[in-house]
Amino acid sequence: MSNSEHLANVMVQCFIDAVNDGVDLVPVVADSTSTSKIKPFVDLFPGRLVNVGIAEQVMVGTAAGLALAGKVAVTCNAAPFLMSRSNEQIKVDVCYNNTNVKLFGLNSGASYGPLASTHHSIDDISIMRGFGNIQIFAPACPVECRQIIEYAIRYEGPVYIRMDGKALPVLHDAEFQFTAGEPSLLREGKQVVICALGSVVHEAVAAADTLKEDGLDVAVVNVSSIRPLNRQRLVNQLSGADHVISVEEHNVNGGLGSVVAELMAEQGMTAKLVRLGVEDGGYAAAGDRSYTRKMLSIDSAGIVMVCQQLVHETLV
Amino acid sequence: MSNSEHLANVMVQCFIDAVNDGVDLVPVVADSTSTSKIKPFVDLFPGRLVNVGIAEQVMVGTAAGLALAGKVAVTCNAAPFLMSRSNEQIKVDVCYNNTNVKLFGLNSGASYGPLASTHHSIDDISIMRGFGNIQIFAPACPVECRQIIEYAIRYEGPVYIRMDGKALPVLHDAEFQFTAGEPSLLREGKQVVICALGSVVHEAVAAADTLKEDGLDVAVVNVSSIRPLNRQRLVNQLSGADHVISVEEHNVNGGLGSVVAELMAEQGMTAKLVRLGVEDGGYAAAGDRSYTRKMLSIDSAGIVMVCQQLVHETLV
Amino acid sequence: MAVLSAGKLGPIFFVLIEYLFFIEIKFKSVEILKSYVIGDDMNPFQLDVNGLEKKARAIRRKIIRLNADSPAGGHTGADLSQVEIVTSLYFRLLNCAPDRISDDDRDIYIQSKGHAAGGYYCCLAEAGYFPEDWLPSYQHNDSHLPGHPVRQKTPGVELNTGALGHGLPVAVGLALAAKRDGRSRKVYVLTGDGELAEGSNWEAALAASHYQLDNLIVINDKNKLQLAGPTEAIMKTDPLDQKWQAFGFSVTQCDGNDVASIVSTLEGLKVEGKPNVVIANTTKGAGVSFIAGRPEWHHRVPKGEEIDLALKELADV
Amino acid sequence: MAVLSAGKLGPIFFVLIEYLFFIEIKFKSVEILKSYVIGDDMNPFQLDVNGLEKKARAIRRKIIRLNADSPAGGHTGADLSQVEIVTSLYFRLLNCAPDRISDDDRDIYIQSKGHAAGGYYCCLAEAGYFPEDWLPSYQHNDSHLPGHPVRQKTPGVELNTGALGHGLPVAVGLALAAKRDGRSRKVYVLTGDGELAEGSNWEAALAASHYQLDNLIVINDKNKLQLAGPTEAIMKTDPLDQKWQAFGFSVTQCDGNDVASIVSTLEGLKVEGKPNVVIANTTKGAGVSFIAGRPEWHHRVPKGEEIDLALKELADV
Ligand SMILES: Cc1ncc(C[n+]2csc(CCOP(=O)(O)OP(=O)(O)O)c2C)c(N)n1
Ligand SMILES: Cc1ncc(C[n+]2csc(CCOP(=O)(O)OP(=O)(O)O)c2C)c(N)n1
Ligand SMILES: [Mg+2]
Ligand SMILES: [Mg+2]
């Protein structure tokens, strides 16, 4: 874990690199300078950041205006307030107007653990999937995060990036080359395929490695690109498995669980899907990350248990 | 169609009946008195309606406060602004606080056809499915609508009701008894099962009837109750079919299409699902209702065509 | 004098004009506003009061026909309310032209009260932003002119609006960018008065003032009516002047159905570190006797003989 | 005198008290506020200035310990800022008691600045709404005391908050219902000053004024700091008094870290058809020398010897 890095730090470094590369990038925050760890950027480029105060609607509206004026506008604040407080500004000013705004949903999922449900964003992917135009990504590691942000800054149009709130270890090796739309197979296996996104990909990988020791053959697919999505690739990755599990720090409705379900149902796959995450109508518990994940069975131990049960059932 | 009725009129009549029955019901609107056709209520009970002006956040916040003070608070305004402008108030003040507020999403889907995408609400079910506690309904006809509203007013807790913006003919006969959670089988058939909700149920029924004349055996299930949902009942209704089609004036992501996909994938059903609605990343066209539906293949002609293709493919 | 100095013209003449209006003499039918020398970076029409009034009448006639032709109703009252405002902007004040709709230095007009798209379209058509014969397609299927403005569909439209309270926040971003890039561009936003109940406006007002956006001009079409009835009764947004002042704006009032009053007010705005708001006192449905001031015309279109009656009232004399 | 007349007590004595405060003599250490006769429908503590100050210190000590024990940080500065305000409310002004938390006539307090949950919990614990020994579980897994208030978890909490700008709109509904039902209940809402940039507050302000909710009292914890630094620099919400006035409120100011000033101000509020706002001038982190006025303490907890240092400063003399 020595190579762990907080995704917000990666983000800020990408911003700095972009401006140094001549990109007219303007970060817009809503009193969220510490949340976004933006200080190194401000120190290097004083007067570039826009802070609109505690006002998420105008944060997104302003970003859209900056983008219409030719800037690459990026908003950085806590995902729950971005999603909900500025929901219509995202819908209209960013997506419908198709403005060149990059929305960063910081401390997404249950990153804010003990701060409870006003601070959890367990529906952001679902909400974004209901909007037009916007591309949707959820990086699982610092290396992937950097490449996704570099792609997003150069791509002309709205992008949402779901950012975890903790330092994450590197998952990908040096040769890794992110391509928008491509789900990446991190572990091969035939009995169960685990699809995951964001920081819980690490839980999935740990679970697969544990299960391998027990003689179970479990694949892990990192679906960091929700839109665009190479559906055929994902279908190939799923086919042949008896069981598919989706794992997300998100509601099981509308996010990755639904993406996978939709694909499987459209293909008429006989594999059975188990969606792990916040259950229908529920909430993530207030508590530290490991506790919250444990309650949702999206920690590695929970995933291991679910896999074992599934394989066991199949054998019986 | 002589027995067609606008759902908003049904709603207002339910409000009147409830107050006459001694329910302390308070409608809250955001300058949306005409949208909600509330005049008969105001005439009967002057001083009961609360109009907060063009301010959806305070509309929902106020409703939550009224509910905390013991009222049955019902908000009535256009679904798109309710969903997006007051998104966080629904998330926090209504759902998380678990207040006794009934949210009516008027003129939902593409009811506002030519008024274009700021006025379309094609993600409301998806958004509600991401929130906790709240129950979610989408009536397909005036009879069902009345029973859903009567249920909602008596049920203690948050409810969202997706209301179509046009007069709809009656689908159910006099004996119909709505039960929260129950999908109702409107047409029996084994080759294809069409799941639909809201006003497009009529398109699905018309399609099934047309197909019957062509010798195709197509079932129609009205999934008016999204939460709660008797999943086993729906599984039974789907099982045995080669093809399942979901039809909704909503994004294919996160709404009924996902609900059905999730069920099918969890069961490992071999039937193949086709989701009809606004495609991933897209918008509903601005135009009259029939045009918009035609573009999305969710009018009866479109559904007929899709069914025929599916059955044809299976035969080949 | 903001607009003027942006246009790089000598201000002396206009100081005089300003003075004339200051003492509130309305030479409505007299040609008191001389044309500018027309340059590349200014409004191509530069109409005087007479010219603007004539255009306003022409636009009103278009509004009547457009709404009468609409298959889906229309916001006739809201369209008519704003005619003098948009006419003054498009035919005199805005540094923008049909052949410069992507010019980085053009002034920007944002129709925040997006439901008056019909009135906006009629003005844009009159100014040549798109062919007149698009107008009868208003709100038809797949039209270039949907029920609310869509910039991907209509040349000249700067922002997709329709949900109220979105214009000002976006305008803040546009004005801020212009400041930072040293552009002379001005950004105009037209809001309704009922619309000002939306909190997003006040968030944006704070930001506009905090960032000293004196290139931002908000115009309130204060017609004292909203959808359900009088703004005073539904949700009082008055006293508007005090609200804007407390939010750091420089406040001016004008007669929003009088082109001379609008032009002199807008040309007389100060650029001194504060965003500007102009409270334009208007009549909803202005120009047609049986529509003016009637709340039921918020969402209603002329039918049958109403059409001829209205057109007769709006005929050039 | 609003609270008083609600409490159905003779107002004469309090007119005197009011006068004493009006001439701004601060008998901070003198027992000038006599206790009420304690009734069923009033505050069960009725503390005087001395008593309130003592409580405030006790609550501050709790705040230090609570934050020091927290496994997930805490908002120490925000907690300390509001101590005198919540102490005055819970130990004198609010017609509410631990055994009447569902009473339909109880006064309602809404902690709109939900991130100062820690300070709120310490006050509720001190007032007996839940056992003191819950406090060390603040922000622990599955705690009764999560990082933001959750009414389903903590007795006495009226509203789940944490997203800023939610308290006032809900309070409008509560106050409106009380008016319609003829209840004497008052509704108090505590907001931050940075929080007032949220437009939802101004939507609610319009509605509160429109519906003449003089049973609604908004208190602004004006500590001149928000998350990222001084409110003046990040996003100026001043002049607050003018904003509230323009939005139809009756505006009063007080020293928000002085119980005498708070009590006299709140007891002196007029009930005359307008909602009230009290701008409480405070110091963020008040009461602890090395926390007071320091923005970095917005989200920081005392560690190591800071704990003892703070507790020493807060010891009773
Ligand atoms: C966010 C939002 N809420 C509600 C509406 C519905 N609506 C359209 S026009 C209108 C009234 C507008 O009144 P005003 O702002 O005074 O404009 P006017 O038509 O009088 O010029 C309303 C409530 C909307 N378009 N957007
Ligand atoms: C809607 C929303 N946006 C942002 C935040 C993050 N946040 C928590 S506290 C805070 C600063 C609050 O400042 P102020 O209102 O002045 O309160 P103080 O702590 O100074 O009492 C911010 C921005 C939030 N909780 N809710
Ligand atoms: Mg108006
Ligand atoms: Mg503060």
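So that the names make sense, note that chain A is the first sequence line, chain B the second, and so on, each numbered from 1. Just the heavy atoms: all of them, side chains too, but no hydrogens, waters or symmetry mates, feed the values below.
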K.L.:
In terms of heavy-atom proximity below 4.5 Å to chain A, should Ala171(C) be classed as side chain, backbone, both, or neither?
P.N.:
neither
K.L.:
Shorter than 4.5 Å, heavy atoms on both sides: which option in Leu159(C), Thr161(C), Val172(C) has the most such pairs with chain A?
P.N.:
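Heavy-atom pairs under 4.5 Å are most numerous for Leu159(C).
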K.L.:
May I ask you to decide if Asn95(C)'s main-chain N or O and Asp107(C)'s side chain share a donor-acceptor pair within less than 3.5 Å?
P.N.:
yes
K.L.:
We want to know whether Glu150(A) and Tyr155(A) form a side-chain donor-acceptor pair, criterion being a heavy-atom distance below 3.5 angstrom.
P.N.:
no
K.L.:
Please determine, among Asp93(A), Val92(A), Val52(A), Val60(A), the option with the most heavy-atom pairs under 4.5 Å with chain C.
P.N.:
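Sorted descending by pairs with chain C, the first entry is Asp93(A).
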K.L.:
For the aromatic rings, using the six-membered ring if either is Trp, is the centroid distance between Tyr120(C) and Tyr109(C) under 6.0 Å?
P.N.:
yes
K.L.:
Are any of the side-chain nitrogens in Arg85(A) or Glu203(C) under 4.0 Å away from the carboxylate oxygens of its partner?
P.N.:
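Here Arg85(A) does not pair with Glu203(C) in a salt bridge, since their nearest N and O are not under 4.0 Å apart.
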K.L.:
For chain A, which of Asp104(C), Asp181(C), Val187(C) has the most heavy-atom pairs under 4.5 Å?
P.N.:
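Winner by heavy-atom pair count: Asp181(C).
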K.L.:
Examine distances only and state if a side-chain atom of His120(A) and a backbone atom of Gly113(A) form a donor-acceptor pair shorter than 3.5 Å.
P.N.:
yes
K.L.:
Under a 4.5 Å heavy-atom cut-off, does chain C meet the side chain of Val26(A), its backbone, both or neither?
P.N.:
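For Val26(A), the side chain is the part near chain C, not the backbone.
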K.L.:
Ignoring hydrogens and geometry beyond distance, is a side-chain donor-acceptor pair present between Asp193(C) and Thr237(C) at under 3.5 Å?
P.N.:
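Per modelled atom types, Asp193(C) and Thr237(C) side chains form no pair under 3.5 Å.
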K.L.:
Looking only at heavy atoms and a cut-off of under 4.5 Å, which of Gln89(A), Lys91(A), Glu88(A) has the most pairs with chain C?
P.N.:
Glu88(A)
K.L.:
Out of Asn51(A), Ile54(A), Thr99(A), Asn98(A), which one racks up the most heavy-atom pairs below 4.5 Å with chain C?
P.N.:
Asn51(A)
K.L.:
Please state whether the side chain, the backbone, both or neither of Arg185(C) comes within less than 4.5 Å of a heavy atom of chain A.
P.N.:
side chain
K.L.:
May I ask you to name which of Leu174(C), Val150(C), Leu168(C) has the most heavy-atom pairs under 4.5 Å with chain A?
P.N.:
Leu174(C)
K.L.:
Taking atom CZ of Phe137(A) and atom NZ of Lys102(A), what is their separation to the nearest 0.5 Å?
P.N.:
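One gets 9.5 Å once the value is rounded to the nearest 0.5 Å.
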